Each structure stands twice: as C-alpha cells, then as structure tokens.
K.L.:
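Quick one: structure below, then a few questions.
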Amino acid sequence: MISAFRSYLNTWVVRGFFLILVAAFAVWGIGDVIRSIGSQTWVAKIGDRTIEPGELQEALRVAVARYTRTQGSDPSPETRRALADQALQAIILRAAVDQEVMRLRVVVPDAELRQSVFDIPAFHGANGQFDRQVFETLLRNNNLTEARFLELQRADMARRQVLEPVRAGAAAPDLLVQRAFAYNGERRFADMVSFPFATVSPPQAPDEAVLTRWYDNHPWLYSSPEYRRIKAVILSPETIAKGLEIPEAELRKAYQEHSDEFVTPPKRSVEVILAADESKATALAEKWRGGADWAAMQAAAKADGATAVQLDNASETELPVSELAKAVFAAPPDTVGGPVKSPLGWHVFRVTAATPGSEMTFDQARDRIRDRLLADRAGDLVYDRANKLDNLLGTGASLDEIPSDLGAAAVTGTLDAEGKTLDGVPAPIPGGEALRKTVIETAFQAHRGDPPHLTEVRPPEGTPGTSSYFALTLEDVLPPKVRPFEEVRAQVLADWKQNEVRHAQDAASAALLAAVNGGKSLADAAAAIGATVRRSPPIERDTPVDGVPPLLQRVIFGMKQAEATQVEAPDGFLVAVLAEIRPPDPVQDAAMLNAIRAQLNRQTGDDVEELFADALRARAGAKINQTVLNEVAQP
C-alpha cells in the first residue's frame with residue numbers, strides 16, 4: 001500500500017497538484033505575512049515621538065463619550081471621523097509642546113507639583129483643605145494610579161511654563177476694545193404702550209358649533225403625547241449599595257479613623273495686641289480695662305509700636321502660639337487678659353465671642369459613615385460589574401436574564417418624552433438627573449427589536465462621582481391620539497376665549513402701530529384711545545430688563561431712532577418706539593470697559609498661544625498615517 005502511494009507521488013499529475021497548493025499558500029497565506037512586513041502601524045509621528053493607535057483610541061473613546069453625553073446620541077460615522085481628527089491633533093499638539101519643553105530643559109520641582117495637587121478644588125474635603133481620601137477616590141473612579149496622575153500633572157505644568165509666557169504680553173488693540181465697548185455698552189430707551197390680555201373681558205360662551213369647529217381645527221392641542229413602554233436595567237453605585245452590608249466592626253473602625261470629622265472644637269473670637277516688652281503691654285492692658293474701645297486700643301498700640309489684630313472664630317490650634325491659645329481659651333468673654341509672654345513678645349487680649357465645641361457620637365454618625373463606606377465600596381465595584389453586564393449583553397442575553405447579584409435595578413413602565421407616566425407623575429427611574437435624562441432620550445430614539453446595549457452616563461463636568469450604566473429595550477409605542485371632545489370641552493372653551501381676547505388686543509395694538517407709522521406721535525396716538533405711554537428702563541443687549549419683553553430687547557437693537565414696532569409678550573401686546581440711543585461713557589462705565597478689555601486680552605492671549613503651538617507643530621513636522629487613522633475612526 002505504501003509502495004503504491006509512493007509511486008503515485010512520483011507522477012507528474014501529483015507533482016503538479018502540489019505545485020498548485022504551494023502557489024495558493026504563497027498567494028493567500030504566507031503572502032499576507034510577507035506583505036505586512038515593513039507596513040506602518042503607527043497613526044502619527046512628530047519628531048522622535050510615535051503615536052500608536054491605542055493612544056488615539058483611548059482619546060477617541062473619551063471624545064465619543066463626551067459627545068454622547070452632551071448630544072444624547074451616538075455620533076454618526078462622519079462625526080466620529082471628525083472627533084478622531086480632533087483627538088489626534090490634540091495629541092500631536094501636546095507632543096510638539098513636550099518636545100519644546102525638553103529642548104528648553106523645563107523642570108517642575110517636586111514641591112511645586114505637590115502644591116499644585118493640594119490646590120486642586122476637586123481634591124478638597126469638607127474643610128476646604130486637601131483630603132487624601134477624596135484624592136484617592138477620584139483617581140480610582142477615573143482609573144488612574146497616583147504615579148500616573150502625578151506624571152500627567154507634571155507634564156501639564158511643564159507645558160504651561162512654555163505656553164503661558166508667550167501669552168503674557170498679549171493685548172487687544174485699543175480700536176478693537178473701543179468698538180467692543182461701544183457695541184456692548186450701548187443702552188437704548190423705548191416709549192411703550194401695553195395692551196394686556198387681563199384688561200379685556202372674556203367673551204360669552206359661543207354656540208356649540210363654534211367650539212366644535214375650533215376643536216376640529218386644533219387637534220394637536222387636545223392630543224395625548226406619544227408614550228413608550230420600556231424595559232431597562234440600571235447599574236449605579238446607588239443600586240449596588242442596596243445589596244451591600246457593612247459590618248458593625250468596620251463602621252466603628254471608620255468612626256475612630258475619622259474621629260476628627262465628628263468633633264467640632266470650641267472656637268473664640270479675640271482681639272489681640274502684641275507688644276515688645278512687658279511694661280508697654282501692662283500699660284495697654286490697664287488702658288483697655290479702663291474702658292477704651294477697640295478703635296482706641298488700635299490707635300494706642302500703633303503709638304507704642306505694638307501690633308493689634310483680630311481673630312474671628314478661631315480654634316485653639318489656629319492661634320499663633322500655644323501660650324496665647326491656652327490663656328484665651330481659659331478666659332471668660334468680654335474680659336481683658338494678659339499680659340501673656342510667648343516667643344513673639346507680650347500679648348494682651350479680649351475674648352469677644354465664645355462658641356462651645358461639640359462631638360457627634362458613633363450612634364449619631366452611624367448612618368453617615370455607612371453611606372460613605374457603601375458609596376466607596378459600590379464605586380469600586382461598579383466598573384467591574386458594568387463589564388460583566390456588558391459581556392452578558394454581548395452574548396445576546398435578554399434583560400430578563402441578568403443575574404440579580406450584579407446589583408442592577410430592573411425598571412419597566414410607560415412614559416412620555418418628559419419622563420411622565422400615564423398618570424402624569426414622574427416615572428420612578430433610579431439615579432440622578434443626568435441618568436434619568438439619558439434613559440428617557442434613549443427610549444425615544446430606540447426601535448422595537450433593537451437588542452439592548454450598555455450605555456455609560458458620566459457625572460456632569462466638574463462634579464465628582466462615578467459613572468452609572470443602563471441598558472433598555474423598547475417594548476411598545478403608544479402613538480398620540482386626539483381626546484374626545486366631551487373630555488376636553490372645558491379646555492376647548494377656555495382656549496377659544498383666550499384666542500378671542502388675544503385677537504382683540506392684537507387688532508388694537510396693530511391699529512396704534514398703523515397710526516404711528518402714519519405720522520402721529522406715539523403720545524398723540526395713545527391719547528386718542530385713552531392709553532398711557534411709559535418710558536422703559538435702560539435696555540442692554542444681553543441683560544434681561546424688568547418690564548421689557550425679551551423679543552423687544554432683541555428687536556430694538558436693530559431699529560432706527562423714532563422707529564415703531566409691535567411685539568407679543570406672554571401677558572399681552574406691546575407697541576414701542578425707539579426714543580433714545582445712549583452710548584457708554586468711559587468714565588462712568590469704567591468697570592465695563594476694563595472687563596471688556598480683560599476679556600479681549602484673554603482671547604488675544606489664546607490666539608497667540610494657539611499660533612505659537614501651531615508653529616511648534618509645524619517645526620516638528622508631524623506625519624499622519626491616514627490608513628491607520630481611518631481604521632481607528634471606524635465605529
């Protein structure tokens with residue numbers, strides 16, 4: 001058998017067959033590998049810096065998430081490509097500035113880096129100071145290690161040291177400032193005649209046929225909104241926390257570790273005079289005890305070369321020296337104490353107010369501690385559980401198959417585009433306002449039959465917190481329908497009467513406008529119908545003015561002096577004539593002029609900085625791999 005097989009292998013037919021197999025393998029198999037050798041996998045290069053696809057993908061992910069959060073929908077392929085271009089240009093710009101940082105050998109000292117972190121408000125606790133626990137929580141929520149964050153912060157500070165001096169001397173031209181000042185600071189005054197709806201007596205109820213005709217001509221006024229029935233699962237720190245328990249021992253341990261949060265130390269407000277020697281301090285104390293007020297003591301201290309200061313609501317540790325602190329907290333209010341010796345000199349003082357301290361017991365603080373620990377623990381779990389939920393949905397699992405141990409909340413119900421149920425009350429959607437809004441918007445963009453996919457909702461910009469997630473399916477759509485006439489007859493009658501009143505005032509104000517446009521003054525035309533003319537307050541371009549409808553405020557800055565117009569406001573019609581145009585005064589409006597100058601200087605600085613950054617980028621010679629960029633930008 002083997003001999004026969006070998007004999008077949010030696011035939012030209014078999015040899016030809018193997019040649020075909022080898023050629024096919026070379027073309028479709030190893031050929032791909034050979035062709036890939038030397039291909040470019042980077043997305044961009046600038047100087048000696050190579051930007052890999054992974055870096056752009058992460059920047060694009062952040063940009064897409066921000067777009068989805070602000071726009072309420074996923075970006076189109078064209079928008080996604082634009083976001084990818086913007087993200088890549090931002091990376092290239094940072095790389096160009098980083099190369100300039102290296103060329104100039106800019107260094108950020110550790111002390112400056114540490115202080116910059118301490119100054120970031122997001123890392124401050126309830127006392128307004130840097131809080132290590134808040135710092136670590138925010139880093140954890142943003143998937144950052146401390147080392148990585150400090151690296152990013154140091155790089156950003158170095159870039160600012162290069163860019164900020166460039167803009168320091170930028171200033172807007174005086175001509176531009178004056179033009180902007182004249183435009184923004186201009187005030188206009190209008191003479192106005194009002195035609196309020198409230199002054200017109202409502203008409204009598206019409207025949208039924210009139211109401212029916214009104215009802216038939218305005219069906220949209222009497223239609224129910226579109227409702228959508230959805231099924232959703234919501235995963236958030238709040239929903240996860242409901243399934244967690246914190247042991248009693250852990251609560252007590254947290255209370256001990258953070259005991260300073262539950263203790264409010266006693267505080268004192270005190271007036272203090274510091275003298276260089278005891279004799280002067282004693283003389284000042286006697287004068288103070290003799291009835292001199294604080295103003296007199298300040299003058300006496302200045303004459304003797306002493307220093308007078310006031311400390312308001314200070315704790316014992318906030319007073320400058322321990323000797324003074326002990327004396328102040330031992331003294332009763334409204335008595336002069338001292339002299340007290342310290343390394344600074346001799347102190348004389350008077351306690352003006354005393355606030356006793358307080359302490360919150362463990363039982364009183366239990367709920368606060370539990371909520372905090374639950375929030376921290378749930379925040380640590382939410383990303384991991386969101387990944388598990390996403391993987392389950394990726395396998396085609398329905399929302400009914402989501403396991404309960406993930407901590408997700410199930411929601412089923414019918415709501416309209418405002419998030420109200422059939423009963424007109426807000427739908428019970430767990431979570432914050434951002435999550436609620438996104439769920440409602442997604443429900444009204446969904447189609448029946450769409451598979452559920454996980455959507456992330458991040459906290460609003462500048463708000464600390466952890467993302468929430470949800471997935472939903474659309475079960476049914478209840479289209480709008482016109483309610484029966486009998487059901488809405490009272491509303492139909494009220495709408496008809498309101499329209500008749502509106503029509504009457506519209507006609508009256510239009511007649512007055514016609515008279516003014518025909519040559520009469522507003523005062524004469526108003527007197528003829530028994531109306532009153534009133535002068536408006538100063539009208540500015542962007543600041544709302546009481547008694548001036550927003551529509552008139554917009555229109556009046558496009559009118560000529562003595563020109564008349566008619567506008568409708570929620571409470572009636574208004575006929576107005578532009579009576580006066582008053583330009584701004586550089587002396588009286590100096591604050592506005594300075595604010596405009598400062599704003600234009602900042603904008604000019606931004607422009608100069610951008611031009612400088614563009615020059616750095618051009619000098620570095622960025623190269624972009626369009627093929628890889630297109631691949632990354634694809635959904």
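Keep in mind that this is a model prediction, so the values were computed, not measured. Heads up: numbering here begins at 1 and tracks the sequence. Basis for what follows: all heavy atoms, side chains included, without hydrogens, waters or symmetry-related copies.
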K.L.:
Report the relative orientation of the aromatic rings in Phe149 and Phe135; use parallel for angles under 30°, tilted for 30 to 60°, perpendicular for over 60°.
P.N.:
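Rings of Phe149 and Phe135: perpendicular, as their planes differ by over 60°.
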
K.L.:
If you round to the nearest 0.5 Å, how far is OG1 of Thr307 from CD1 of Ile273?
P.N.:
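Going from CD1 on Ile273 over to OG1 on Thr307, the span is 9.5 Å.
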
K.L.:
Step by step, work out the salt bridge (Lys or Arg N to Asp or Glu O under 4.0 Å) result for Lys388 and Asp384.
P.N.:
CA-CA 6 Å; Lys388 292 180 180 178; Asp384 177 62; 3.6 Å; yes

K.L.:
Can you check salt bridge (Lys or Arg N to Asp or Glu O under 4.0 Å) on Glu146 and Arg140, steps first, answer last?
P.N.:
CA-CA 9 Å; Glu146 181 175 342; Arg140 187 168 57 248; over 6 Å; no

K.L.:
Do Arg160 and Glu609 meet the salt-bridge criterion of a basic N to acidic O distance under 4.0 Å?
P.N.:
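No salt bridge links Glu609 with Arg160.
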
K.L.:
State whether Arg159 and Asp98 are salt-bridged, where the test is any N-O pair (Lys NZ or Arg NE/NH1/NH2 against Asp/Glu carboxylate O) under 4.0 Å.
P.N.:
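Salt bridge present between Arg159 and Asp98.
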
K.L.:
Salt-bridge test for Arg617 and Glu610: reply yes if a basic N is under 4.0 Å from a carboxylate O, no otherwise.
P.N.:
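Looking at Arg617 and Glu610, the cut-off is not met.
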
K.L.:
Per the salt bridge (charged side-chain N to carboxylate O under 4.0 Å, His left out) rule, what does the pair list look like for residues 105-118, sequence neighbours excluded?
P.N.:
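Only Asp110-Arg154 qualify under salt bridge (charged side-chain N to carboxylate O under 4.0 Å, His left out).
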
K.L.:
Please lay out, stage by stage, how Phe470 and Glu456 fare under the test side chain to side chain contact (heavy atoms under 4.5 Å, CB included).
P.N.:
CA-CA 7 Å; Phe470 73 90; Glu456 179 182 8; over 6 Å; no

K.L.:
Among Asp131, Thr137, Leu138, find the residue that satisfies the side-chain contact (heavy atoms from CB on, under 4.5 Å) test when tested with Phe123.
P.N.:
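Among Asp131, Thr137, Leu138, the one that satisfies the side-chain contact (heavy atoms from CB on, under 4.5 Å) with Phe123 is Leu138.
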
K.L.:
Can you tell whether the side chains of Asp85 and Arg81 come within less than 4.0 Å, N to carboxylate O?
P.N.:
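Between Arg81 and Asp85 there is a salt bridge, with a charged N closer than 4.0 Å to a carboxylate O.
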
K.L.:
Could you walk me through whether Arg366 and Asp363 pass the salt bridge (Lys or Arg N to Asp or Glu O under 4.0 Å) check?
P.N.:
CA-CA 5 Å; Arg366 182 196 301 270; Asp363 289 336; 3.0 Å; yes

K.L.:
Any chance you could lay out the side chain to side chain contact (heavy atoms under 4.5 Å, CB included) test for Trp42 and Ile51, step after step, and finish with the verdict?
P.N.:
CA-CA 6 Å; Trp42 48 266; Ile51 300 170; over 6 Å; no

K.L.:
Taking Asp371 first and then Arg368, would you say they form a salt bridge - that is, a charged N and a carboxylate O separated by under 4.0 Å?
P.N.:
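Looking at Arg368 together with Asp371, the answer is no, because their closest N to O distance does not fall below 4.0 Å.
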
K.L.:
Output yes when Arg448 and Asp476 qualify as a salt bridge under the 4.0 Å nitrogen-oxygen rule, no when they do not.
P.N.:
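Yes.
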
K.L.:
Side-chain donor-acceptor contacts of residues 229-237 below 3.5 Å, not counting sequence neighbours, with atom names and distances?
P.N.:
from	atom 1	to	atom 2	distance (Å)
Arg229	NE	Glu475	OE1	3.4
Lys231	NZ	Asp400	OD1	3.1
Lys231	NZ	Asp400	OD2	3.2
Lys231	NZ	Glu475	OE2	3.4
Ser236	OG	Glu238	N	3.4
Ser236	OG	Glu238	OE1	3.1
Ser236	OG	Thr239	N	3.2

K.L.:
Any chance CD of Gln364 has more than 12 other-residue heavy atoms, nucleotides or ligands included, within less than 6.0 Å?
P.N.:
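More than 12 heavy atoms, drawn from other residues, nucleotides or ligands, come within 6.0 Å of this atom.
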
K.L.:
Passes side chain to side chain contact (heavy atoms under 4.5 Å, CB included), Arg372 versus Gln133? Steps please.
P.N.:
CA-CA 11 Å; Arg372 180 190 300 170; Gln133 184 177 1; 4.0 Å; yes

K.L.:
First locate atom NZ of Lys253, then atom NE2 of His258, and finally report the distance between them rounded to the nearest 0.5 Å.
P.N.:
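Going from NZ on Lys253 over to NE2 on His258, the span is 10.0 Å.
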
